Amino acid sequence: MRTIRSIRAMQHLSHTLKGEQKHIGMVPTMGSLHAGHIALIHSARRRTDCVVVSVFVNPIQFNEQKDYEAYPKDLKRDTCLAKEAGADVFFIPRVEEIYPSGYGTFVDVKGITDRWEGKFRTGHFSGVATVVAKLFSLVQPDIALFGQKDYQQVRVIQKMVRDLNLPTRVLALPTVREKDGLAISSRNIRLTPQARKMTPRIYQSLRMGRSLFQKGERRPHQIQKALVQHLLKEKGFKIEYIGLCHPETLEPVKKVTKGTIILLAVRLAGVRLIDNILLK
Ligand code: AMP
């Protein structure tokens with residue numbers, strides 16, 4: 001596995017790979033790699049000739065400086081994990097090179113970013129879309145793999161790729177979970193042991209929503225109510241949103257149907273957790 005830090009070296013390599021007709025797969029991450037990231041790398045490995053894993057903690061997608069500074073970082077460990085998972089290139093650009101002084105171009109995906117995460121984290125998706133557009137431009141991936149855990153994010157990226165006619169296919173892979181159902185996330189290590197014990201309730205509530213649908217419930221507010229009740233049975237959860245929405249537009253649905261997605265964000269002891277479930 002080759003580690004690349006400079007933009008020039010990355011551009012040079014992708015140019016060479018393209019010349020050799022190699023298929024490039026990319027997994028963009030913010031590091032602190034875990035089983036969710038590893039699953040994406042494995043999938044890229046199976047699908048392409050050259051797997052590029054990027055680690056870049058993107059300052060412009062954080063709403064709070066404190067959150068950015070506290071974001072877990074362990075490049076040594078990430079290097080080993082990426083290599084073990086089958087990455088060919090470990091791309092770790094520097095913040096100053098991605099956003100040099102005077103940087104002023106941002107990608108703003110309209111509509112789909114108005115609700116849910118977009119509403120609770122102003123400017124977040126502009127930060128995400130901007131950095132992903134830059135990473136795609138540097139790496140030139142044929143396919144890029146994202147996790148369904150950040151469902152709205154992957155929809156935003158897919159829309160950006162469509163709108164800008166970028167030559168990258170964006171795939172969304174299933175959420176990898178702990179045994180008790182908690183969606184794996186780099187932020188989970190911030191949970192206190194007591195908060196961690198409460199977290200299975202999140203996926204339980206989503207599964208409960210799905211089972212209500214399977215039993216015939218079609219009213220979104222009834223399903224939403226059941227989720228809220230289940231979460232609030234235990235003290236500590238602060239619900240930011242629970243939305244039953246169309247899987248592509250992410251607009252709230254009036255009637256729940258096959259394919260409706262339930263999106264959820266909660267805060268637990270100061271840690272923000274998101275999850276979702278597709279109704280089948
Ligand atoms: P992050 O490093 O958190 O920005 O995530 C990098 C990529 O990994 C994104 O596409 C995420 O959606 C994906 N990802 C994060 N957690 C998981 C998970 N538990 N299962 C699957 N993919 C994940």
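Just so it is clear, the model here is predicted, and its values are computed rather than measured. As the structure lists them, so they are numbered: ligands from 1, and atoms in each ligand from 1.
The side-chain heavy atoms of L171 and L40, taken from C-beta on, include no pair separated by under 4.5 Å.
Ion pair D163/K110 not flagged as a salt bridge, since none of the NZ, NE, NH1 or NH2 atoms sits closer than 4.0 Å to an Asp/Glu carboxylate oxygen. R272 has a carboxylate O that lies under 4.0 Å from a charged side-chain N of E117, or vice versa, which qualifies the two as a salt bridge.
For the ring pair (Phe, Tyr, Trp, His ring centres under 6.0 Å) condition, the pairs that include at least one residue of residues 222-254, sequence neighbours left out, are W116-Y241, F120-Y241.
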May I have every N or O pair linking ligand 1 to the protein at under 3.5 Å, one per line with atom names and distance?
unit_1, atom_1, unit_2, atom_2, d
ligand 1, 2 (O), M30, N, 2.9
ligand 1, 2 (O), H37, NE2, 2.9
ligand 1, 5 (O), H37, NE2, 3.4
ligand 1, 10 (O), G147, N, 2.9
ligand 1, 12 (O), G147, N, 3.2
ligand 1, 12 (O), G147, O, 3.2
ligand 1, 12 (O), D150, OD2, 2.6
ligand 1, 16 (N), I184, O, 3.4
ligand 1, 19 (N), V176, O, 2.9
ligand 1, 19 (N), I184, O, 2.8
ligand 1, 20 (N), V176, N, 2.8

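Remark: Y99 engages Y103 in a ring pair (Phe, Tyr, Trp, His ring centres under 6.0 Å) (not counting sequence neighbours). For the ring pair (Phe, Tyr, Trp, His ring centres under 6.0 Å) test, residues two or more places apart in sequence or in another chain that qualify with Y71 are F62.
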